[in-house]
Amino acid sequence: MAAAGDQEAELPAAGDPDVASPADLVRRMELVALAQGIDLGQIRAVSGWAAGAEISADRDKVAVVLRPGEGFLVRICLPGVLAWSEGWTDDLAAVVGVADLWRRGGRLRELHDRFPFMSWSELNQAFEDGDPAPTKWRQLLSSEWHLRDRPFLQAAHAHPELRMFYPDISHRSLMLSRNPFDPASDLAKITPLSEGHYRVVGGAVEFRREVTSLTEALEVTAACFRSLPDS
């Protein structure tokens, strides 16, 4: 078996042609981890448009996308989220360090402090802090993209029982849920119809009603959530 120094000597630069395939990337990451005394568990090669390597963690996975001659895109992915944190680097030791820190329970701020190339969003930080709803409401209410629906969103946010839920909007329908990562989690949807009418649908209780004012739609939605168990 080669000594740690020999293994480190074999480590490639970002443009090294030896790191031109997922299998090569996995092999090199294993060498870096071994040289640094890091246990990354099982690393698997990934083919396709996001060719590279993938390391599983208890809560999510760390994906490393290989771009020969450009470096590595490191992406931490949670179920239902495209990217929890991501960044580019040409340092394979840093790639291994990111995966190791995250597998050991690292947090977003700690990750960025140690590896500044790893970025994350305000909303992701709010999720990690345990209360994402206020941040998401603020983003929706200030978005120029949803300017047409701002009065609708402002009215829903002003309702004391509804602002606590996590909001999202798609095709003008406002969706409220306790857990946005769980599609079946106490979801209610308010859809504007013509002439001031609204449709309220409660997915968790298979509820559906059309009403003639926004005020009534919000009250019906609140009552729908009220009828659900606390957890």
### Message
Taking F72 as the starting point, is it possible to reach V65 by hopping between hydrophobic residues whose side chains are less than 4.5 Å apart?
### Response
no

#### Entry: Linked, directly or transitively: V200 and M164 (ILVMFWY side chains, under 4.5 Å)
yes

### Message
Hydrophobic clusters here meaning ILVMFWY residues chained together by side-chain heavy-atom distances under 4.5 Å, can you tell me if F207 and L162 are in one?
### Response
yes

### Query
Taking everything shown except R208 itself, do over 12 heavy atoms lie less than 6.0 Å from its CZ?
no

### Query
Given side chains that start at C-beta, do those of L101 and L111 come closer than 4.5 Å, heavy atoms only?
yes

## Note on the structure
On a heavy-atom basis, the closest approach of P22 and A45 is CB-CB, 3.7 Å

### Message
In the structure I gave you, are the side-chain heavy atoms of C77 and D60 within less than 4.5 Å of one another anywhere?
### Response
no

### Query
Under the side-chain hydrogen bond (donor to acceptor under 3.5 Å, both in side chains) rule, what pairs show up with a residue in residues 161-171, not counting sequence neighbours?
E161-R226

### Query
Is the backbone N or O of L108 less than 3.5 Å from a side-chain atom of D113, with the two atoms forming a donor-acceptor pair by type?
no

### Criterion side chain to side chain contact (heavy atoms under 4.5 Å, CB included) on L174 and L176, from CA distance to verdict
CA-CA 7 Å; L174 174 63; L176 301 170; 4.2 Å; yes

### Message
The test is side chain to side chain donor-acceptor pair (under 3.5 Å); show your working for D129 and Q125 and say whether it passes.
### Response
CA-CA 6 Å; D129 292 341; Q125 185 61 60; 3.0 Å; yes

#### Entry: Main-chain N/O of R138 paired with S142 side-chain donor or acceptor, under 3.5 Å
yes

### Message
Do Y198 and L218 make a side-chain contact, defined as non-hydrogen atoms from C-beta onward lying under 4.5 Å apart?
### Response
no

### Task
Report yes if some heavy atom in the side chain of I169 is under 4.5 Å from a heavy atom in the side chain of H146; otherwise report no.
yes

### Residue pair A155 / L214: nearest heavy atoms and the distance that separates them
CB-CD2, 3.5 Å

### Message
Please report the interatomic distance CD(Q139) to OG1(T135), rounded to the nearest 0.5 Å.
### Response
6.5 Å

### Query
Atom OG1 in T221, atom CZ in R209: separation rounded to 0.5 Å?
10.0 Å

### Summary
dist H159:NE2 -> F165:CZ (nearest 0.5 Å) comes out at 10.5 Å

#### Entry: Distance-minimising heavy-atom pair for S173 and T191
OG-OG1, 2.7 Å

### Task
Assess whether side chain to side chain contact (heavy atoms under 4.5 Å, CB included) is satisfied between V95 and T89, documenting all intermediate values.
CA-CA 7 Å; V95 173; T89 182; 3.6 Å; yes

### Summary
Taken to the nearest 0.5 Å, the spacing of L153 CG from L147 CG works out to 10.5 Å

### Query
How close do W120 and H112 get, heavy atom to heavy atom, and via which atoms?
CZ3-CB, 3.0 Å

### Query
Less than 4.0 Å between a side-chain N and a carboxylate O, is that true for D24 and R28?
no

### Query
For the residue pair A83 and N124, what are the closest heavy atoms and their distance?
O-ND2, 3.3 Å

### Query
So, the side chain of H197 versus the backbone of E195: is there a donor-acceptor pair under 3.5 Å, distance only?
yes

### Message
Do K61 and I55 have side chains that approach each other closer than 4.5 Å (heavy atoms only, starting at C-beta)?
### Response
no

### Task
Kindly determine whether V74 and M118 satisfy side chain to side chain contact (heavy atoms under 4.5 Å, CB included), including the steps that lead there.
CA-CA 8 Å; V74 188; M118 294 297 292; 4.0 Å; yes

### Task
Return yes if some donor-acceptor pair links the side-chain N/O of R199 with the main-chain N/O of V211 below 3.5 Å, else return no.
no

#### Entry: pair E70-W88: side-chain heavy atoms closer than 4.5 Å
yes

### Message
With a 4.5 Å cut-off on side-chain heavy-atom distances among I, L, V, M, F, W and Y, is there a chain of contacts connecting V62 to I38?
### Response
yes

### Message
When you compare the side chain of M29 with that of L25, does any pair of heavy atoms fall below 4.5 Å?
### Response
yes

### Summary
Rounded to the nearest 0.5 Å, the CH2 atom of W102 sits from the CG atom of L40 at a distance of 15.0 Å

#### Entry: R103 side-chain N/O to S56 backbone N/O, donor-acceptor pair under 3.5 Å
yes

### Task
If the plane angle is over 60° it's perpendicular, under 30° parallel, otherwise tilted; pick one for W84 and F127.
tilted

### Query
So, E54 and R75, do they make that salt bridge, N to O below 4.0 Å?
no

### Query
Can E144 and R150 be counted as an ion pair, charged N to O under 4.0 angstrom?
yes

### Message
Can you give me the closest heavy-atom contact between G130 and P132, atom names plus distance?
### Response
C-CD, 3.8 Å

### Query
Can you find a heavy atom in the side chain of K136 that is under 4.5 Å from one in the side chain of L123?
yes

### Query
Is S85 reaching over with its side chain to a backbone N or O of I76, donor-acceptor style, under 3.5 angstrom?
no

